Amino acid sequence: MALKKKISKKAVKKSAPKKSNQLEDSLIELIKNTSAVLPDDVQKVILQALAREEKHTTAEYAMNIIKANIELAKKKSQPLCQDTGTVLFYVNHPVGLDQIEFTKWIHKAVVKSTKLGYLRQNSVDSLSGANSGTNIGPGHPSIHFHQHKKKNIEIRLMLKGGGCENVGAQYSLPYTPLDAGRDLDGVRKVILDAVLKAQGRGCGPGVLGVCIGGDRGAGYIESKEQLLRFLDDKNSNKDLAQLETEIVNTSNKLGIGPMGFGGKTTLLGCKIGVQNRLPASFFVSISYMCWAYRRQGIELGTNKQIKKWLY
Amino acid sequence: MKKLNYPFSHEQVKELKVGDMVLITGKLFTGRDAVHKRLHDGVKPPVNLQNQIIYHCGPVILQDKKTGKYQVTAAGPTTSIREEPYEADVMRDYGIVGVIGKGGMGPKTLKGCKDYGCVYFHAVGGAAQVLAEKINSVEAVHWLDLGSPEAIWELSVTDFPVVVTMDAHGNSLHADVQASSEAEFKKVL
C-alpha cells in the first residue's frame, strides 16, 4: 500500500505541465512500473512460497534470488526480466471513446518506453526476422478495448515473457492419452498435464490463466484475461473456485518446484474462466505466467492523469 | 555453497555434482542461437574458447556515448534447449568447460558433458537485475555483426550464482525431476 501511494504522488507531481501529453505520460508511467515492480498480491505469494521451501535447498536458493531480484528491480526502477514480453493492454472505457486516437497514444508511449529502456526491443518480423526496434508492428502491442457503463477509463497492462508463453497449451476434449472426458475432471487432467509438460521451462513457480470453452482464439484470449484477476480473489462459480484450489494443491504435489529444481511450490495460483462452446467443441486453453508476473493498471482522471493504481 | 574461480579447468568442473550451488568468479562469454549455429558451421571463433564458459544470454547493453564503454543493464539467462542440436559438438570442438542457461538441456548435451568433461549450470530465469549486478565489466565484444543480443560479450563476473543441474557424470536434475513428477502425476490422474 505504501508503494502505491508513493507512485501516485509521483504521478500527480509529473502531471502539472504539458496537458496534451498527459495521456502519454500516464501510459509511460504505467509501462515503467509494470516492468519494474511486481504488484503486491504477486509479491505476497512469492514470499509465502519462499517460506515454504526447505532450508538450504536449490529451491530455496532460487526463491531467494527471485526475492532479491524483485527488490533490486524496484530500487533501480529497471526491468525485472530482460524479456519484457508481449505488451498486452486491456482498456475498459465508456461508450464514445475514440479507439483509433487512443491506440495512437499507446503506440507513442510504447515507442518512448522502449527508447527509455523500460521495454526491450522485442518485436520481430516473423518472415524476415528483422526487429522493428520500437515494439510496434502487426499485432504489437496487443490492445484489447472493452466498453463499460462506468464513466472512467481503466487501463490494465500485462508484460508476458516468451519463455512462459511458449509453455502455454490448448487441449481439445475428449483427450484420449489421459482419458480426459468432457467434464470438470477431464479439465483437471489436461491442466495438470500442461503443468507437467512445462516443468521449469516457464520460469516457475507460475500462475495459470485458464479458459474452459470458447473457440480456439477466444479461449486463449480469455485465458490471459483471467490473469488480470487478483491472486487472492475468489471465483464466483463454486465449482471453478474449488477446481482452482485443487489445481494449485495438486500441482505442488508434483514436486517440479521453482525453476524445475524440485521443491514444494510449482504453482502460485490458478484462475479459471468459462465461455460457451459449440456442441462439437470442448477446448481448454491454458496460459502460463512466469513468477515475473508483471501486471499493473491505472484509472485515469479527468485530465488523463493517473487517478488510481489498480493493483 | 561452492566457488568456481578463473582460470577454469575440466578437472575443476568434473568435481561438481548435480545440485551443487556454485558462485562463479572470472570470465564468461555470452553465446546464444546465432553464435552456436556459426560455431557449429565451423567458423573459427574470434577468441580461444578452450576452458571457457558460454552463457546463454542476450543481455541488454548500453554504450556510454562519451567513453564508448559498455554497461550491462539486464542479463538473465535465455532458454537453453534451442542449442541442443549444437552444444555437444561445441563442447567437443572448442574445449569449453561448461554452459550457463535456463530450463536445462537434453540427452545429447548430457552425453556431451560426460564425454568432454563439461557441466550445465542453471541460472535463475527472470533474475535479470541480480545477475547483471554480478557483472563487473564488459571486457570485449566479438561478432557484433550478429546484433547486440546475439553477439559474443566477454564479461567479467564476481560470485555469479548458479546451480549445477547436469554434471560430467551423466546425471541430470531435469531428467530426475521429469521422472519423479511424471510418477506423481500418474497417482493424481
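Values below: all heavy atoms of this structure, side chains included; hydrogens, waters and symmetry mates excluded. First the proteins, then the strands, lettered A, B, ... as listed; each starts at 1. All values reported here derive from a predicted model rather than from experimental measurement.
- Interface remark: A:Thr266 contributes no atoms to any contact with chain B (heavy atom separation under 4.5 Å).
- Contact of B:Ala75 with chain A is made through the backbone alone, with heavy-atom distances under 4.5 Å.
- Using a 4.5 Å cut-off between heavy atoms, A:Arg120 contacts chain B through its side chain alone, with no backbone atom that close.
- Put simply, CD on B:Glu133 and CG on A:Asn69 are 9.5 Å apart, with the number rounded to the nearest 0.5 Å.
- Of the inter-residue distances, the one linking B:Phe185 atom CZ with A:Ile256 atom CD1 reads 9.5 Å to the nearest 0.5 angstrom.
- One distance of note links OG of A:Ser77 with CD of B:Gln129; it measures 10.0 Å at 0.5 Å rounding.
- For chain B, the nearby parts of A:Asp193 are the backbone and the side chain; heavy atoms of each come within less than 4.5 Å.
- Using a 4.5 Å cut-off between heavy atoms, B:Val164 does not touch chain A at all.
- Of the listed residues (A:Gly163, A:Pro79, A:Gly262), the greatest number of heavy-atom pairs within a distance under 4.5 Å of chain B belongs to A:Pro79.
- Both the backbone and the side chain of A:Ala62 come within contact range of chain B, with heavy atoms under 4.5 Å apart.
- Residue contact with chain B, scored on non-hydrogen atoms closer than 4.5 Å, is absent for A:Cys290.
- The two residues B:Lys102 and A:Cys203 come nearest to each other via the heavy atoms NZ-SG, 3.5 Å.
- Atoms CG and CG, from A:Leu196 and B:Leu189 in turn, are 9.0 Å apart once rounded to the nearest 0.5 Å.
- Of the listed residues (A:Gln121, A:Gln78, A:Gln82), the one with the most heavy-atom contacts under 4.5 Å to chain B is A:Gln82.
- Here A:Cys81 is the residue among A:Gly200, A:Ala180, A:Gly162, A:Cys81 with the most heavy-atom pairs under 4.5 Å with chain B.
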Under the criterion side chain to side chain contact (heavy atoms under 4.5 Å, CB included), I'd like the reasoning laid out for B:Val124 against A:Tyr61: C-alpha separation, chi angles, the key distance, then a yes or no. CA-CA 9 Å; B:Val124 171; A:Tyr61 185 56; 5.9 Å; no

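- At most 12 heavy atoms of other shown residues, nucleotides or ligands fall within 6.0 angstrom of atom NZ in A:Lys44.
- With a threshold of 4.5 angstrom between heavy atoms, A:Lys76 approaches chain B through side-chain atoms but not through N, CA, C or O.
- Counting heavy atoms from C-beta on, the side chains of A:Leu192 and B:Val188 come closer than 4.5 Å.
- Closest heavy-atom contact between A:Ile65 and B:Ala127: CG2-CB, 3.7 Å.
- Here the CD atom belonging to A:Gln199 is positioned 7.5 Å from the CD atom belonging to B:Glu182, to the nearest 0.5 angstrom.
- Looking only at heavy-atom pairs under 4.5 Å with chain B, the residue among A:Leu80, A:Asp179, A:Thr250, A:Asp83 that has the most is A:Leu80.
- More than 12 heavy-atom neighbours from other residues, nucleotides or ligands sit within 6.0 angstrom of NZ on A:Lys55.
- Separating the CE atom in A:Met259 from the NE2 atom in B:His174 is a distance of 11.0 Å, to the nearest 0.5 Å.
- Contact annotation for B:Thr73: both backbone and side-chain heavy atoms come within less than 4.5 Å of a heavy atom of chain A.
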